[in-house]
Amino acid sequence: MSLEEYNKQDPLGFDGDKHEGVDSNTLEVRADDPSFQDLVNDPHRGLRMRHIQLLSISGAVGAGVFVSIGGPLTSAGPLGLLIGIIVWSTVIIGASNCLIEMTTLLPIDGGFITFAGRFMDETIGKAVGWNFLLAQATLVCFELTALNVMIQYWTLTLHPAVAISVGIVLFATLQLYSVRWFGEAEFWISIFKIILQIGLTLYTLIAMCGGNPKHDKFGFRAWKDPGPFAGETAALRMKGIWDAVLWACFALGGPDWISLIGGEAQNPRKILPKAFNSTVIRIVGFFVIGGLCVGINAPSNDPALLGAIAAGAPGAAKSPYIISMNRLEIPVLPDIVNALVMLSIFSTGNAALFTSSRALYTLSLKGGAPSIFKRLNRNGVPYVAVTAILLFSTLAYLSVNSGSVVVLNWFLSLVGAANLVNWTSIALTYMRFRKGLIAQGRLNNDFLPVRAWLQPLSSWWVVIAAPIAFVASGYALMVPGGWAGDSFIFTYGAVFIFAGFIIFFKTYDVLVKKKPLKMFIPAEEIDVTTGLDVIEALTAASNIQDEQDKKTMGRKVSDFFF
């Protein structure tokens with residue numbers, strides 16, 4: 001069978017029908033095939049390695065590592081903060097180990113959302129999709145509100161609706177036409193984000209050695225006074241470390257984004273393994289180094305830091321870096337940092353809009369959302385889904401009346417809780433995937449393009465750690481005088497929403513579609529083969545294209561770094 005004949009049978013290969021009799025080992029792929037260029041130049045697969053890596057970094061590294069990290073520093077201390085970040089980093093690495101095997105085997109639209117439907121149950125897949133969609137759409141609102149807060153660092157006279165409106169218009173400009181516009185914009189913005197992190201790390205190193213206007217060689221003074229941990233008792237120190245873990249639950253991410261956009265990657269079998277491994281290391285490095293730096297720049301009992309957090313100070317005013325710069329009487333630099341943090345926030349919101357719209361598009365393909373969201377423009381952009389998320393993001397205007405800090409806390413709690421549900425579902429999906437491979441005799445290097453390390457231990461660690469973090473995330477509500485109804489709803493509401501979607505879709509399937517009631521797909525029936533043939537054809541065609549293309553100097557430099 002030629003590639004042209006195969007494409008006539010099913011151009012995309014992901015319509016849910018098995019292609020019996022199509023052997024990918026005998027599928028011919030030739031550069032002179034009429035369908036060759038259609039396959040390698042598919043506008044829907046417009047993301048290269050550099051786009052995917054920096055998009056993942058862009059989505060994971062927002063204002064948290066630069067600004068809100070001051071909160072857990074005051075409650076945990078510098079070493080406690082580092083411990084909390086490192087503990088949760090192991091969960092992120094475990095989730096990445098789960099996703100790398102599934103996504104490199106089947107780099108398709110919807111990523112882990114599609115996998116949940118194929119490897120666990122169609123109903124669970126839809127619930128996972130809606131949970132992720134709501135988390136990312138809420139993150140768009142969070143970042144738009146945060147933009148306004150950052151502007152308040154300079155002026156309090158600008159109406160909050162102005163910054164939010166400008167952000168929404170810019171998001172629409174970058175996302176409604178072509179995925180390459182979005183990819184290129186995120187690539188260059190993420191470069192600035194990396195420059196900011198490297199710059200703040202160098203600032204810390206130079207300033208602590210005395211390279212500041214006061215010539216104060218403060219070194220690790222904050223680790224000695226008030227000490228590496230905050231809190232006078234062991235119980236308070238443990239509470240502080242746990243606060244740092246909970247902050248990391250919201251702040252750290254990345255591998256789920258790589259899985260979701262795998263269906264839009266060029267030559268995914270080549271790109272995705274490198275993207276998973278290198279991106280996770282870079283993200284964890286960002287947060288670990290960032291945690292170390294803030295613990296050097298500001299002591300956990302710094303009056304300026306405690307006062308800024310208690311007063312809900314605007315913008316970067318509560319950033320340990322800015323507090324350090326102001327204490328050392330360094331001019332101009334705080335304004336530059338605030339501007340770059342604003343760019344970082346815009347980038348994270350832009351990436352969240354991208355992933356949430358793709359989640360909505362995937363749900364529509366699977367019957368979990370209205371079919372209107374399936375519509376694509378000529379460049380393969382699900383423009384109706386993008387428009388829907390843009391409309392949802394107008395909830396950021398709530399901050400106009402309720403106050404930016406209050407609304408930010410609402411969004412923060414909801415996103416953090418939904419993320420924990422998301423990590424748990426990814427680990428459970430991998431367990432079913434692995435069980436299906438074992439039952440079908442396919443758990444081997446011949447079938448899987450990539451084998452993750454420490455499996456199945458990684459999946460068990462995620463499926464234990466994430467629910468524990470979720471249950472304990474609202475511990476402050478349980479102490480005397482700590483109860484708040486709105487905080488309870490936003491802290492634990494995600495699991496009730498998730499369960500509600502499962503009940504709704506399962507009831508619909510049983511009562512309307514007359515499907516039998518079952519929780520999981522039997523291991524022997526788990527579908528790990530649909531779409532493999534076209535992925536093999538795409539991989540072969542992409543490899544031929546790579547051999548024929550002459551790399552420019554810019555491409556060689558890009559390949560070296562990414």
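- Atom CG of L390 and atom CG of L176 lie 6.0 Å apart (nearest 0.5 Å).
- Counting only distance, with no hydrogens or angles, the side chain of S259 and the backbone of P255 share no donor-acceptor pair below 3.5 Å.
- In this structure, N131 and I497 have side chains that are not in contact, with every pair of non-hydrogen atoms separated by 4.5 Å or more.
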Derivation and outcome, side-chain contact (heavy atoms from CB on, under 4.5 Å), residues Y203 and L333: CA-CA 10 Å; Y203 161 78; L333 195 55; 4.1 Å; yes

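- Here the side chains of L360 and P382 are not in contact, with every heavy-atom distance at 4.5 Å or above.
- At least one donor-acceptor pair under 3.5 Å links the side chain of Q175 to the backbone N or O of N350.
- Closest approach of K366 and K126 over heavy atoms only: O-CE, 3.3 Å.
- With a 4.5 Å cut-off on side-chain heavy atoms, T138 and F392 count as touching.
- A side-chain donor-acceptor contact under 3.5 Å links Y492 to the backbone of V471.
- Counting heavy-atom neighbours within 6.0 Å of F192 CZ, excluding the residue itself, gives a total of 12 or less.
- Remark: side-chain polar atoms of N297 are not paired, donor with acceptor, to backbone N or O of Y321 under 3.5 angstrom.
- Residue L170 holds its CG atom at 12.0 Å from CG of L353, rounded to the nearest 0.5 Å.
- Between W130 and F501, the angle of the ring planes stays under 30°, which puts this pair in the parallel group of the 30/60° scheme.
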Residues I85, W247; criterion side-chain contact (heavy atoms from CB on, under 4.5 Å); working and verdict: CA-CA 8 Å; I85 292 173; W247 172 82; 4.0 Å; yes

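- Remark: side-chain polar atoms of T204 are paired, donor with acceptor, to backbone N or O of L200 under 3.5 angstrom.
- Panel note: side chain T74, backbone G71; a donor-acceptor pair is recorded below 3.5 Å.
- A heavy-atom distance below 4.5 Å is not found between the side chains of Y430 and V462.
- Rounding to the nearest 0.5 Å places CD1 of I322 at 8.0 Å from CG of D335.
- Side-chain N or O atoms of T348 include one that pairs as donor or acceptor with a backbone N or O of S344 at under 3.5 Å.
- In this structure, F287 and I86 have side chains that are not in contact, with every pair of non-hydrogen atoms separated by 4.5 Å or more.
- The distance from the OG atom of S473 to the CG atom of D243 is 11.5 Å, given to the nearest 0.5 Å.
- Separation of atoms CH2 (W188) and CD1 (I191) is listed at 6.5 Å; rounding is to 0.5 Å.
- Using a 4.5 Å heavy-atom threshold, the side chains of W242 and V245 count as touching.
- Here CE of M102 is found 11.0 Å from CD1 of I108. Values are rounded to the nearest 0.5 Å.
- No side-chain heavy atom of L174 sits under 4.5 Å from any side-chain heavy atom of F354.
- A donor-acceptor pair is defined here as one N or O able to donate and one able to accept, closer than 3.5 Å; no such pair exists between the side chain of R327 and the backbone of A298.
- Taking each heavy atom of A95 and W423 in turn, the nearest pair found is CB-CE3, 3.6 Å.
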Steps toward side-chain contact (heavy atoms from CB on, under 4.5 Å) verdict (L205, I296): CA-CA 9 Å; L205 180 63; I296 292 172; over 6 Å; no

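- Summarising the geometry of G368 relative to F505, their closest heavy-atom pair is O-CZ, 3.6 Å, with the distance given to 0.1 Å.
- Residue C98 comes nearest to I426 through the heavy atom pair CB-CG2, 4.2 Å, listed as atom of the first residue, atom of the second, then distance.
- Side-chain atoms of T424 come within 3.5 Å of backbone atoms of L420 as a donor-acceptor pair (strictly under, hydrogens ignored).
- Closest non-hydrogen pair, V91 versus A465, comes out as CG2-CB, 3.8 Å.
- In this structure, V386 and V381 have side chains that are in contact, with non-hydrogen atoms separated by less than 4.5 Å.
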Derivation of the side-chain contact (heavy atoms from CB on, under 4.5 Å) call for S425 and F132: CA-CA 10 Å; S425 66; F132 181 79; over 6 Å; no

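- Heavy atoms only, all atoms of each residue included: I100 and A452 are closest at CG2-CB, 3.8 Å.
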